[in-house]
Amino acid sequence: MVGEIRDNETAQISIQAALTGRLVFSTFHTLNVFGVTARLIEMGVPRSVTANSVNAVISARLVRKICNNCKEEYSPKQNELRFVENISGSTLFKGRGCNECVTSGYKGRIGIFEVVPFDEEIRSIITENPQLSDLLPLVKQKGIKNLKEAALDKVAQGTTISEVIRVTGEEM
């Protein structure tokens with residue numbers, strides 16, 4: 001376990017451990033999954049080494065869950081309407097606010113995740129292509145859900161569109 005890879009020295013040690021067969025877990029503070037690859041390359045790790053030492057990248061966020069005690073149906077606000085078509089089920093809920101949730105309308109949290117396993121196609125693009133943005137269409141083609149899609153799935157499981165917008169930001 002490496003708390004966080006922030007500098008070249010930590011990156012080199014972590015990559016060396018991974019290349020010798022050790023399973024290395026670490027955190028990066030990036031906006032998306034492919035920011036990890038870009039950061040490693042910026043820290044001086046060669047593209048081919050980055051591509052061959054990373055097995056998967058997981059982007060994770062926590063969203064608040066609607067309080068079950070004060071949960072009620074509602075109609076989406078104007079800024080939420082563009083997301084409604086991407087949500088399974090037509091009924092939307094929010095928390096009214098009660099003593100149980102300290103008037104917030106939320107109680108508890110659930111995780112949203114984007115998981116991108118590195119296969120040969122992804123490794124090839126990282127090694128050969130200077131534009132990491134070319135990874136996005138490939139990941140979409142493979143059917144891997146991005147963070148936005150994973151978050152919108154959670155609306156049907158107990159959070160709100162406004163919470164998804166708050167946590168995922170303008171990347172939506």
Side-chain angles (χ1 to χ4, degrees), residues 1-7 10-11 14 18 23-40 42 54-119 121-122 126 132-172:
M1 290 290 300
V2 177
E4 181 181 353
I5 298 175
R6 293 188 203 195
D7 56 51
T10 309
S14 301
L23 183 59
V24 177
F25 290 95
S26 185
T27 60
F28 272 87
H29 291 281
T30 61
L31 293 176
N32 59 41
V33 167
F34 300 109
V36 172
T37 305
R39 288 283 310 270
L40 284 170
E42 287 171 7
V54 176
N55 290 325
V57 177
I58 302 170
S59 181
R61 305 280 192 286
L62 290 174
V63 293
R64 298 176 295 176
K65 289 173 46 177
I66 300 168
C67 174
N68 284 326
N69 194 52
C70 62
K71 184 177 182 177
E72 63 184 16
E73 265 187 64
Y74 86 106
S75 297
K77 297 175 188 170
Q78 190 65 33
N79 68 328
E80 299 173 335
L81 285 173
R82 62 188 167 142
F83 303 111
V84 173
E85 64 195 37
N86 297 319
I87 298 169
S88 59
S90 57
T91 307
L92 297 176
F93 295 94
K94 69 175 187 171
R96 172 178 69 259
C98 66
N99 289 336
E100 188 75 22
C101 62
V102 193
T103 69
S104 70
Y106 296 99
K107 187 166 182 172
R109 295 182 185 265
I110 51 178
I112 54 173
F113 306 95
E114 177 181 3
V115 180
V116 179
F118 279 35
D119 62 12
E121 286 179 284
I122 289 175
I126 292 169
L132 293 176
S133 59
D134 290 344
L135 289 167
L136 297 175
L138 177 61
V139 167
K140 191 116 185 118
Q141 175 190 348
K142 291 178 176 289
I144 297 171
K145 289 184 178 185
N146 63 30
L147 202 58
K148 173 192 156 194
E149 294 163 337
L152 289 173
D153 285 349
K154 296 296 183 178
V155 170
Q157 297 175 26
T159 194
T160 62
I161 295 173
S162 60
E163 178 67 357
V164 167
I165 294 168
R166 183 187 73 80
V167 170
T168 58
E170 288 305 309
E171 64 188 72
M172 301 204 38

To the nearest 0.5 Å, tell me how far [X] [atom1] sits from [Y] [atom2].
{"X": "L152", "Y": "Q157", "atom1": "CG", "atom2": "CD", "answer": "11.5 Å"}
{"X": "N99", "Y": "N69", "atom1": "CG", "atom2": "CG", "answer": "8.5 Å"}
{"X": "L135", "Y": "I144", "atom1": "CG", "atom2": "CD1", "answer": "10.5 Å"}

Check [X] against [Y] and note the closest heavy-atom contact, atom names and distance.
{"X": "I122", "Y": "P117", "result": "CD1-O, 3.4 Å"}
{"X": "F113", "Y": "A150", "result": "O-CB, 3.3 Å"}
{"X": "L62", "Y": "G111", "result": "CD2-CA, 3.9 Å"}
{"X": "S104", "Y": "C101", "result": "OG-O, 2.9 Å"}
{"X": "G105", "Y": "C70", "result": "CA-SG, 4.2 Å"}

Give a yes or no on this: more than 12 heavy atoms of other residues, nucleotides or ligands lie within 6.0 Å of atom [atom1] of [X].
{"X": "K142", "atom1": "NZ", "value": "yes"}
{"X": "R39", "atom1": "CZ", "value": "yes"}
{"X": "D7", "atom1": "CG", "value": "yes"}

Any side-chain heavy-atom pair from [X] and [Y] closer than 4.5 angstrom?
{"X": "V2", "Y": "F25", "result": "no"}
{"X": "V116", "Y": "F34", "result": "yes"}
{"X": "T159", "Y": "F93", "result": "no"}
{"X": "V54", "Y": "V36", "result": "no"}
{"X": "I5", "Y": "T27", "result": "no"}
{"X": "I112", "Y": "T168", "result": "yes"}
{"X": "L40", "Y": "F28", "result": "yes"}

* **Side-chain donor or acceptor of E163 paired with backbone N/O of V63 under 3.5 Å** =>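 Not at all, since once roles are kept as given, no pair shorter than 3.5 Å links the two residues.
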* Heavy-atom donor-acceptor pair, S14 side chain to T10 backbone, under 3.5 Å ->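 Answer holds: yes.
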* **Side-chain donor-acceptor pair present, R61, S59, cut-off under 3.5 Å** =>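 The answer is yes; a qualifying pair exists.
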* To do: Using distance alone, with no hydrogens and no angle criterion, decide if Y106 and T160 have a side-chain donor and acceptor under 3.5 Å apart.
  =>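 Distance-only check passes for Y106 and T160.
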* Asked: Hey, mind stepping through K154 and E149 against salt bridge (Lys or Arg N to Asp or Glu O under 4.0 Å) and telling me if it holds?
  -> CA-CA 9 Å; K154 296 296 183 178; E149 294 163 337; over 6 Å; no
* Let me see the working for E114 and K145 under salt bridge (Lys or Arg N to Asp or Glu O under 4.0 Å), right down to the final yes or no. => CA-CA 6 Å; E114 177 181 3; K145 289 184 178 185; over 6 Å; no
* Asked: Which residue pairs pass the salt bridge (charged side-chain N to carboxylate O under 4.0 Å, His left out) test when at least one of the two sits in residues 65-79, sequence neighbours left out?
  ->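 Qualifying pairs: E72-R96.
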